[in-house]
Amino acid sequence: RQRYGVEAFASRRDHFFRVNAWLPPARQAELFLPGGTAGLEGVMAHYDGLFERFRECSTFDAYLHVHARVNLEGLLNRLDSSTMAASVEGRVPFTDHGLAAWLFALPDSAKMALRDPGGTGGTEALTSFALQEQGLVESKRLLRRGYAGRVDDTILNREKMSFPVPFMEWFNGRWRGLYRHALAESSLLEGLLDPPARSALSPEIGRVDAMVAWPLMNLFLMEQVWGLRL
């Protein structure tokens, strides 16, 4: 309840959306109209199809498959556009299809496991969030161990992090006008956002909350490019 706002999950897709949500449930409740996101059936159906395809996998492995087919494509597109803008031909050897197929065949424990420094087994009582916060999750396990002794420990053992995007600066700089236009003109955002919340998000009021602006701008672009509607 504390982390997700519910006591149970309706499906893997339900849990996947909540654990990977950009905004926590409480913030979503402040912003969106009740039932406003119910019109995004096409998006939900796409993810339902993916999870149905991997229904025989462990939850961990199913999530890896979904990330490989959705998130990885976005990351590779970002890499390609960034490197090519500097006339650099990027290479990503860890995404070789043969290597990826071999890695997916390995047990989950080869990819991620729990650390138990004291050997007490006390990790069983902790939530996944508490485990992460206490540094008890060993991610990228095979990769870290394969490079032990060859890569400096400060790099090898640092916390996993995403590729940063300077959207804070963008929305309070060159994208400020575009974001103002999106809030004012988008019928998709009008159908999703609670009117007082939409007014409060206006760049006219003050500094843009980029954590909210980023997903809203993505929805606006999906509306403009692909005709996404509620």
Side-chain angles (χ1 to χ4, degrees), residues 3-4 6 8-22 42-84 88-165 218:
R3 291 287 186 167
Y4 298 103
V6 295
F9 303 109
S11 62
R12 277 183 174 175
R13 188 258 289 167
D14 181 29
H15 175 259
F16 183 85
F17 269 48
R18 291 177 184 274
V19 78
N20 291 290
W22 186 264
V43 176
M44 303 303 183
H46 174 70
Y47 277 89
D48 283 336
L50 285 175
F51 283 113
E52 174 62 22
R53 181 177 175 183
F54 305 117
R55 65 183 182 279
E56 301 300 328
C57 297
S58 68
T59 299
F60 177 79
D61 221 22
Y63 285 15
L64 286 180
H65 276 289
V66 172
H67 275 299
R69 283 158 178 78
V70 180
N71 302 63
L72 181 60
E73 182 178 347
L75 289 172
L76 291 177
N77 282 333
R78 189 189 304 173
L79 170 76
D80 191 52
S81 60
S82 300
T83 55
M84 292 303 289
V88 174
E89 185 78 24
R91 287 291 182 265
V92 281
F94 286 164
T95 61
D96 176 80
H97 69 93
L99 177 60
W102 178 76
L103 288 169
F104 268 114
L106 296 178
D108 294 348
S109 59
K111 305 158 193 170
M112 184 178 291
L114 296 181
R115 299 186 180 97
D116 187 11
T120 61
T123 57
E124 294 179 3
L126 300 175
T127 67
S128 59
F129 294 98
L131 291 168
Q132 188 69 41
E133 290 163 359
Q134 294 181 32
L136 299 177
V137 178
E138 184 184 8
S139 62
K140 300 180 181 289
R141 196 178 190 202
L142 196 63
L143 187 63
R144 294 180 195 273
R145 297 197 176 197
Y147 281 91
R150 294 194 285 171
V151 174
D152 189 89
D153 284 349
T154 58
I155 297 173
L156 197 66
N157 298 321
R158 67 185 176 187
E159 186 178 354
K160 178 183 179 296
M161 63 180 293
S162 62
F163 297 105
V165 177
N218 275 273

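Computed from a predicted model, the values in this text were never measured in an experiment.
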Please round to the nearest 0.5 Å and tell me the distance separating atom [atom1] of [X] and atom [atom2] of [Y].
{"X": "Asp14", "Y": "Tyr4", "atom1": "CG", "atom2": "OH", "value": "10.5 Å"}
{"X": "Leu156", "Y": "Arg145", "atom1": "CG", "atom2": "CZ", "value": "10.5 Å"}
{"X": "Asp48", "Y": "His46", "atom1": "CG", "atom2": "NE2", "value": "10.5 Å"}
{"X": "Cys57", "Y": "Asp108", "atom1": "SG", "atom2": "CG", "value": "9.0 Å"}
{"X": "Arg91", "Y": "Thr83", "atom1": "CZ", "atom2": "OG1", "value": "9.5 Å"}
{"X": "Asp153", "Y": "Arg144", "atom1": "CG", "atom2": "CZ", "value": "11.0 Å"}

Option passing ring-ring contact (aromatic ring centres under 6.0 Å, His included) with His65 (candidates Tyr47, Phe54, Phe51):
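Exactly one option meets the ring-ring contact (aromatic ring centres under 6.0 Å, His included) with His65, and it is Phe54.
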Side-chain touch [X]/[Y], heavy atoms, less than 4.5 angstrom:
{"X": "Glu138", "Y": "Met112", "result": "no"}
{"X": "Asn20", "Y": "Asn71", "result": "no"}
{"X": "Arg18", "Y": "Val6", "result": "yes"}
{"X": "Phe16", "Y": "Thr59", "result": "no"}

Do Arg150's NZ or CZ and the ring of Tyr147 fall within the cation-pi criteria of under 6.0 Å and 45°?
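Judged by the rule (NZ or CZ under 6.0 Å from the ring centre, within 45° of its axis), Arg150 counts as positioned above Tyr147.
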Without swapping roles, check the side chain of [X] against the backbone of [Y] for a donor-acceptor pair under 3.5 Å.
{"X": "Asp80", "Y": "Leu76", "result": "no"}
{"X": "Ser82", "Y": "Leu79", "result": "no"}
{"X": "Arg55", "Y": "Glu52", "result": "yes"}

Side chains of Arg141 and Ser109 only: does a donor on one sit below 3.5 Å from an acceptor on the other?
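Their side chains do not contain a donor-acceptor pair, so the 3.5 Å distance test is not met.
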For [X] and [Y], work out which heavy atoms get closest and say how close.
{"X": "Val92", "Y": "Thr95", "answer": "O-OG1, 2.7 Å"}
{"X": "Val137", "Y": "Arg115", "answer": "O-NH1, 3.1 Å"}
{"X": "Ala62", "Y": "Arg12", "answer": "CB-NH1, 3.5 Å"}
{"X": "Lys111", "Y": "Leu103", "answer": "CE-O, 3.0 Å"}

Answer yes if the ring centres of His97 and Phe104 are under 6.0 angstrom apart, and no otherwise.
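No: the rings miss the under 6.0 Å criterion.
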With a sphere of 6.0 Å drawn around CD of Glu133, does it hold more than 12 non-hydrogen atoms of other residues, nucleotides or ligands?
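Yes, the 6.0 Å shell around CD holds more than 12 heavy atoms from other groups.
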